[in-house]
Amino acid sequence: MMDINEIREYLPHRYPFLLVDRGTEMDVEAKRVRAYKNVTINEPFFNGHFPQHPIMPGVLILEAMAQVAGVLMLGMPENRGRLAYFAGINNAKFRRPVVPGDQLRLELEVSKIRGRLGIFHGMAMVDGQLATEADLTFAVVDQAQ
């Protein structure tokens, strides 16, 4: 179990761009991670997307998935103290809208790691239904001094 304070130790993101609320599983050995994002009407993006029919933007669902993958990537001992840069998205599919009141269960698993590059397969689920899936690529870099 990982609370928001622990998540903030891994990620540089802060309000309003930190899109992960809680981690429930991080297995560095098995290279998989699970976390949650509680979607509320108070999210700033709902003011414009869309005021009469609020839907979480797909790119922000992908960003939430990327942040969860970043927690796993930066949780690996060899990557501690570094940054994970989002480097690519492939095979993204949006299966159902995500709306206020939904809880996104974000599950990511490493497909391949080569040096400082990592590829993850991710899924965002709502009530057991697939909302979004994609393959995400990251580059781990040293933080500027």
Side-chain angles (χ1 to χ4, degrees), residues 1-40 42-46 48-50 54-145:
M1 189 69 89
M2 186 180 292
D3 68 18
I4 191 64
N5 294 316
E6 291 171 288
I7 291 167
R8 289 168 46 112
E9 289 177 20
Y10 289 96
L11 297 177
H13 306 76
R14 297 296 180 261
Y15 177 84
F17 215 67
L18 180 57
L19 300 174
V20 182
D21 293 318
R22 175 173 55 105
T24 58
E25 176 186 343
M26 184 165 87
D27 189 337
V28 174
E29 296 287 321
K31 296 184 172 79
R32 68 174 175 254
V33 62
R34 179 183 300 157
Y36 288 89
K37 164 67 179 151
N38 296 309
V39 182
T40 73
N42 295 322
E43 308 284 353
F45 51 80
F46 284 133
H49 198 271
F50 302 99
I55 297 173
M56 185 173 182
V59 295
L60 293 181
I61 298 169
L62 292 171
E63 175 63 27
M65 291 167 57
Q67 289 180 18
V68 173
V71 169
L72 179 61
M73 196 87 175
L74 298 173
M76 296 176 185
E78 63 272 21
N79 295 331
R80 293 281 166 100
R82 294 188 168 132
L83 292 173
Y85 283 177
F86 207 172
I89 303 169
N90 289 305
N91 306 313
K93 299 206 176 11
F94 302 95
R95 307 289 188 187
R96 75 178 293 281
V98 175
V99 299
D102 285 345
Q103 183 180 60
L104 277 176
R105 185 178 78 215
L106 305 158
E107 299 181 2
L108 289 104
E109 189 168 325
V110 172
S111 299
K112 183 190 316 185
I113 292 183
R114 181 177 296 148
R116 291 191 174 195
L117 286 179
I119 300 172
F120 289 73
H121 179 72
M123 297 185 301
M125 313 281 286
V126 175
D127 295 329
Q129 293 182 323
L130 183 63
T132 305
E133 67 180 319
D135 296 312
L136 310 174
T137 303
F138 297 86
V140 176
V141 299
D142 293 325
Q143 291 193 37
Q145 300 298 327

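Everything numeric in this text was worked out from a predicted model, so none of it was measured.
Here the side chains of Glu43 and Lys37 are in contact, with some heavy-atom distance below 4.5 Å. Taking the side chain as every heavy atom from C-beta outward, Leu19 and His13 never approach each other to under 4.5 Å. For the pair Arg95 and Gln129, the minimum side-chain heavy-atom distance is 4.5 Å or more. Between Leu72 and Val28 the shortest side-chain heavy-atom distance falls below 4.5 Å. Residues Glu6 and Met1 fail the side-chain proximity criterion, which asks for heavy atoms closer than 4.5 Å.
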I'd like a table of donor-acceptor pairs (distance under 3.5 Å, sequence neighbours excluded) in which one partner is a side-chain atom from residues 105-119, with atom names and distances.
{"from": "Arg105", "atom 1": "NE", "to": "Glu107", "atom 2": "OE2", "distance (Å)": "2.5"}
{"from": "Arg105", "atom 1": "NH2", "to": "Glu107", "atom 2": "OE2", "distance (Å)": "3.1"}
{"from": "Glu107", "atom 1": "OE2", "to": "Arg34", "atom 2": "NE", "distance (Å)": "3.2"}

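The closest donor-acceptor contact from the side chain of Asp3 to the backbone of Asn5 lies under 3.5 Å. With hydrogens and angles ignored, the 3.5 Å screen pairs no side-chain donor or acceptor of His49 with any backbone N or O of Met56.
In terms of heavy-atom proximity, Ala84 sits nearest to Leu74 at N-CD2, 3.8 Å. For Val126 against Leu104, the heavy-atom pair with the smallest separation is CG2-CD2, 3.7 Å. Of all the heavy atoms in Ile61 and Ala124, the pair that sits closest is CG2-CB, 3.8 Å. Nearest heavy-atom pair, Val20 versus Ala35, reported as atom, atom and distance to 0.1 Å: CG1-CB, 3.9 Å. Considering every non-hydrogen atom in both Thr132 and Met65, the closest pair reads CG2-SD, 4.1 Å. Nearest heavy atom pair, residue Gly75 against residue Tyr10, reads CA-CE2, 3.4 Å.
Judged as a side-chain contact (heavy atoms from CB on, under 4.5 Å), and not counting sequence neighbours, the contacts of Pro100 are Ile41, Phe46, Pro54. Under the rule for a side chain to side chain donor-acceptor pair (under 3.5 Å), Asp27 has no partner lying at least two apart in sequence or in another chain. For Pro44, the side-chain contact (heavy atoms from CB on, under 4.5 Å) partners two or more places apart in sequence, or in a different chain, are Tyr15, Pro16. Shown here are the salt bridge (Lys or Arg N to Asp or Glu O under 4.0 Å) partners of Arg96, two or more places apart in sequence or in another chain: Asp102. Considering only residues two or more places apart in sequence or on other chains, Asn91 meets the side chain to side chain donor-acceptor pair (under 3.5 Å) condition with Asp135. For Gln103, the side chain to side chain donor-acceptor pair (under 3.5 Å) partners at least two apart in sequence or on another chain are Asn38. By the side chain to side chain donor-acceptor pair (under 3.5 Å) test, Arg82 is found to be paired with Asp142, residues two or more places apart in sequence or in another chain being considered. Shown here are the ring-ring contact (aromatic ring centres under 6.0 Å, His included) partners of Tyr85, two or more places apart in sequence or in another chain: there are none. Residues passing the ring-ring contact (aromatic ring centres under 6.0 Å, His included) test with Phe138, sequence neighbours excluded: Phe86, Phe120.
Legend: side-chain hydrogen bond (donor to acceptor under 3.5 Å, both in side chains) pairs involving residues 66-76, not counting sequence neighbours, sorted by first then second residue: Glu63-Gln67. Within the structure, ring-ring contact (aromatic ring centres under 6.0 Å, His included) pairs that include any residue of residues 92-117 do not occur (at least two apart or interchain).
Considering CE of Met76 and CD of Glu29, their distance stands at 10.0 Å, rounded to 0.5 Å.
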### Message
Under the criterion side-chain contact (heavy atoms from CB on, under 4.5 Å), I'd like the reasoning laid out for Ile55 against Phe45: C-alpha separation, chi angles, the key distance, then a yes or no.
### Response
CA-CA 9 Å; Ile55 297 173; Phe45 51 80; over 6 Å; no
